[in-house]
Amino acid sequence: MNDPVRPEAEELVAAGEYGGRAPRAAWQRWLLVAIAVAWSVFQLYASYTGTLNPQKIGSIHLAFGFALAFLAYPRKGGASDRIPWYDWLLAAASIAAALYILVDYYTIVVLQGGLPSTRDVWVGSALLVFLAIASTRLLGFALPVIAALVVLYGITGPAGIVPLTPPDVLYLHNGYQWPEVVQQLFITTEGIWGTPIQVSATFVFLFVLFGALLDKAGAGQYFVDLAYSGLGTFRGGPAKASVVASLLTGVISGSSTANTVTTGTFTIPLMKKIGYPPVKAGATEVAASVNGQLMPPIMGAAAFIMATFIDMPYSQLIVHALVPAVLAYLGLLFVVHLEALKLGLKGMPRSELPPFGATFLKGVHYLIPVAFLLYELMWVNRTPERSALNATFLLMGLILVQEAIRGVRGNGGLARGLWTGVRAIVSGLELGARNMTTIAVATAAAGIIVGMVTMTNLGYGLTQVLDVLSGGNIWIVLVLSALTSLILGIGLPTTANYIVMAALVAPVIANLAEQAGMVVPLVAIHLFVFYFGILADDTPPVGLAAYAASAISRADPIATGIQGFTYDLRTAILPFMFFFNPQLLLIDIGSWYNAAWVIATALVGMFAFVASTQGYLEIRMRWYERLVMLAGALLTIKPGGWTDGLGLGVLVAVGLWHHIRAARTASASA
C-alpha cells in the first residue's frame with residue numbers, strides 16, 4: 001500500500017531514530033553509509049573473535065556512536081543537507097576522546113595502576129562534555145541534566161543541592177575531588193565504560209542488527225500480511241490485526257516509533273476505512289507498537305541491560321517476562337474489541353484479504369532464523385551474544401538464498417539475485433548501526449549516573465527520603481516510583497529511563513520491601529520499573545510514536561498520545577500484579593494447575609480493569625458499575641485465596657447485573 005502520508009512519517013522517524021541529515025554531497029552520504037557498515041562489521045568481528053576486553057570494545061563502540069551522532073544528527077535548527085565544520089570538529093574530537101582509553105590502555109591500567117594523570121583528567125573531562133552535547137542532540141536535555149545533578153552531588157555532597165535534598169536525611173559524604181570523579185567515570189569500569197555500554201556493545205548491538213536484517217529481508221511486511229489475513233474478518237478486524245502485527249514486528253524492531261511506521265502505514269488507513277476515528281486509529285497503533293518491547297524472545301535493549309544488572313541469564317529473563325507480556329497484548333485486544341463494540345464496527349470482507357494459508361507459506365522461511373535464535377538461547381544455552389551472532393550469520397545466508405531464488409524465478413538471473421541479496425545485507429548493516437546510535441550514547445551517558453550512585457551510595461540516601469515521604473507504605477513507594485518513571489519518560493527513551501530507574505529507584509524499592517517484611521524477587525522489581533519506562537514512547541507531550549502515528553492518521557499528536565496512554569493503562573496495572581504476585585513471572589509456581597489459576601485470575605482481573613477504564617462491556621457502563629468492577633479487578637492484584645475469591649465474586653455479580661441491564665435495554669429498544 002502506497003499511502004501518501006508514509007513519507008512524512010518516515011521523515012519523522014528518520015530524524016528521531018536514524019538521524020535526519022541527508023547531505024547533498026554524494027561523498028558525504030557514502031561516508032555516513034561506510035561508517036555505519038564499518039561499525040556493524042566491527043561488532044560482528046569483535047563478537048566472533050572475542051579477543052577484545054569489554055572496556056576496549058566499549059571505547060570503539062562509543063567512538064562509532066559519536067561519529068554518527070555528530071555527522072548524521074544535525075543540531076536543532078542546524079543544516080540537514082550538509083555537514084558543517086563544527087560537526088566535523090566535534091566528531092573528530094569526540095572520537096579521539098573515546099579512543100584515548102583504548103590507545104593508552106596499558107599506560108593507564110598497568111603502569112599507572114588506574115590512577116589518572118593530569119592529561120587523563122583533561123581527556124576524561126572533555127569526553128564528559130562531548131557526551132553531554134551528543135546526549136542533548138539525540139535525547140534532549142533530560143538525561144544530561146540528571147547526570148549533571150548526580151555529578152554535582154558527587155562533587156559537593158548534599159550541601160551543593162540543599163534545595164533538592166534535606167541534608168539531615170541525605171548527608172552521606174562531604175564531596176569528592178574532580179580527579180576522583182573522573183577516575184570513577186572515565187578510568188574504571190563502573191562509569192561510562194560500565195555495564196550499560198558493555199551490554200550495548202556486545203549482545204544488544206547484535207540483536208538490533210539481527211532485527212534490522214530481518215526487516216530488510218521482508219519479514220516486516222510478511223508479519224503485517226499474516227496478521228490481516230488471520231484477523232481481518234473479525235469485528236474491528238484491522239485494529240486487532242494491528243495489535244498482532246505490531247507484536248510480531250516487535251520481534252524485529254527495538255524501536256516503538258519504527259514499529260509504528262512499519263505497521264501503521266498499513267493498519268491505520270484500514271482502521272479509518274471501517275470507521276475508527278483518526279485519533280483512536282493512531283492510538284491503537286501506538287499502544288500496540290510501544291508494547292512490542294515487552295514481548296519475548298527479543299525485547300527492547302533495556303531488557304538485555306536488565307539481565308546483566310540482576311545477574312540473570314537472558315534466556316531465564318524472557319521466561320519470567322512471557323506471561324505479563326501475553327496478558328498485556330490480550331488486554332489490548334480486549335480494548336480494541338470494546339472500541340469496536342462502542343462504534344458498532346464490523347470486520348472486513350474475506351474477499352478483500354489475502355488467504356491465510358498462502359500468506360503463511362509465502363514467508364514461513366522468515367521464522368527459521370527466529371526459531372534458530374530461540375534454539376540457541378533456550379536449548380543449547382549459548383550466551384545471548386553468541387546466539388545472536390550465529391542467528392545473524394544464518395539470516396545473511398537466508399537473504400542470499402531468498403534473493404537468488406527470486407532472481408532465477410524472475411528471469412533476472414542468479415548473479416543479479418545474489419547482488420540484490422548483498423545490497424540487502426549491506427542495507428541491514430547500515431540500518432542496524434543507525435538504530436544503535438542513540439542506544440550507544442544513552443548507555444554511555446547513563447553510565448555516569450550508575451557510576452556516581454555507586455561512588456556516593458546515593459541509593460541508600462534515596463531510600464531514607466522515600467521512607468520518610470511514604471511512611472514506609474510499600475504501595476505509596478510503588479506509586480511514587482511509577483510516577484517518577486512516567487515523568488522521566490517525558491524526556492527519556494525507554495533504555496535510558498530504565499537505567500536511571502534501575503540505578504536510583506530499584507534499590508530503594510528492594511530495601512523498603514525488605515523492611516516491610518516482603519520477599520520480592522529482584523527480577524520483579526526491575527521489571528516493575530522497566531514496564532513504566534516502556535510507556536515513555538507514548539507519554540504526552542513528547543512521545544515520538546504518537547507523532548509518527550498522527551502523521552499517518554492526520555490526527556492531533558497530543559490527542560493521539562493521550563488516547564494511546566489511556567489504552568496503555570492496562571499495562572500500568574500489570575507491574576503491580578506481578579510485584580505482589582511473582583507467580584505471574586513463573587517464580588515458585590508449584591504445579592501446573594496452580595499456574596493456570598494464577599494466570600486465569602490475572603487475565604480476568606485484566607479484562608475487568610480494561611472494561612472499567614473503557615466504561616463499556618455489552619453496553620455503556622454506569623459510573624457505579626465501573627467503580628465496583630475496578631474494585632473487583634484490584635482485588636485480583638494481591639495474591640491470596642480470599643482476595644481472589646472476593647474479587648472474582650464481585651466481577652461475576654457486576655457482570656450478571658450488567659448483562660441483565662443490557663438485555664432490558666435491548667428489549668426496550670426492540
Side-chain angles (χ1 to χ4, degrees), residues 243-244 246-248 250-251 287-288 290-300 302-304 306-307 310 312-335 370 373-374 377-379 384 478 482 494 498 506 509 518-535 567-611 633-641 643-644 647-648 651:
V243 173
V244 174
S246 294
L247 183 159
L248 295 172
V251 172
V290 166
N291 282 179
Q293 298 181 67
L294 300 176
M295 182 58 69
I298 304 176
M299 302 165 69
F304 298 100
M306 184 196 308
I310 63 178
M312 174 179 288
Y314 182 71
S315 57
Q316 184 179 344
L317 175 62
I318 62 178
V319 171
H320 293 319
L322 179 61
V323 172
V326 172
L327 290 176
Y329 269 101
L330 289 176
L332 185 55
L333 283 173
F334 192 51
V335 167
V370 177
L373 177 62
L374 278 174
L377 276 173
M378 307 298 293
W379 278 270
L478 294 177
T494 301
Y498 166 72
I509 298 175
M518 298 177 62
V519 179
V520 183
L522 193 58
V523 64
I525 296 171
H526 279 256
L527 280 172
F528 182 93
V529 298
F530 173 67
Y531 262 63
F532 283 102
I534 289 293
L535 298 179
Y567 289 163
D568 267 337
L569 284 176
R570 95 254 174 250
T571 305
I573 197 176
L574 269 171
F576 291 93
M577 296 174 74
F578 61 65
F579 182 90
F580 288 104
N581 188 2
Q583 289 181 317
L584 275 176
L585 303 178
L586 302 181
I587 296 174
D588 297 328
I589 200 66
S591 58
W592 68 266
Y593 49 84
N594 185 48
W597 173 256
V598 167
I599 294 172
T601 54
L603 183 59
V604 171
M606 168 68 70
F607 282 177
F609 182 81
V610 167
L634 294 177
L635 281 170
T636 64
I637 292 179
K638 193 169 183 179
T643 53
D644 284 345
L648 292 176
L651 296 178

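All figures in this text were calculated on a predicted structure; none of them were measured in a lab.
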Just so I know, are the side chains of [X] and [Y] near enough to count as touching, which here means a heavy-atom distance under 4.5 Å?
X: Met299; Y: Phe304; answer: no
X: Leu634; Y: Ile573; answer: yes
X: Phe607; Y: Leu651; answer: no
X: Val319; Y: Leu586; answer: yes
X: Pro384; Y: Leu377; answer: yes
X: Asn581; Y: Thr601; answer: no
X: Met606; Y: Thr636; answer: no
X: Leu247; Y: Asn291; answer: no

First locate atom [atom1] of [X], then atom [atom2] of [Y], and finally report the distance between them rounded to the nearest 0.5 Å.
X: Gln293; Y: Ile534; atom1: CD; atom2: CD1; value: 4.0 Å
X: Asp568; Y: Phe532; atom1: CG; atom2: CZ; value: 11.0 Å
X: Phe609; Y: Met577; atom1: CZ; atom2: CE; value: 10.0 Å
X: Met306; Y: Ile525; atom1: CE; atom2: CD1; value: 12.0 Å
X: Leu327; Y: Thr571; atom1: CG; atom2: OG1; value: 10.5 Å
X: Arg570; Y: Leu330; atom1: CZ; atom2: CG; value: 10.0 Å

Backbone of [Y] reached by a side-chain donor or acceptor of [X] within 3.5 Å:
X: Tyr314; Y: Pro297; result: yes
X: Tyr329; Y: Ala288; result: yes
X: Gln583; Y: Val598; result: no

Measure across [X] and [Y] and return the closest heavy-atom pair with its distance rounded to 0.1 Å.
X: Ala595; Y: Ile589; value: CB-CG1, 3.3 Å
X: Tyr531; Y: Ala321; value: OH-O, 4.4 Å
X: Trp379; Y: Leu374; value: CE3-O, 3.7 Å
X: Gly605; Y: Ala633; value: O-CB, 3.5 Å

Within the 6.0 Å centroid threshold, strictly below: Phe580 and Phe576: no
Could you tell me which residues satisfy ring-ring contact (aromatic ring centres under 6.0 Å, His included) with Tyr567, sequence neighbours excluded, listed by chain and number? none
Hey, mind stepping through Leu248 and Met295 against side-chain contact (heavy atoms from CB on, under 4.5 Å) and telling me if it holds? CA-CA 9 Å; Leu248 295 172; Met295 182 58 69; over 6 Å; no
Go through the structure and list residues passing side chain to side chain contact (heavy atoms under 4.5 Å, CB included) with Leu585, not counting sequence neighbours. His320, Pro324, Val523, Ala524, Leu527, Phe578, Ile587
Test side-chain contact (heavy atoms from CB on, under 4.5 Å) on Val335 and Val243 and set out the steps. CA-CA 10 Å; Val335 167; Val243 173; over 6 Å; no
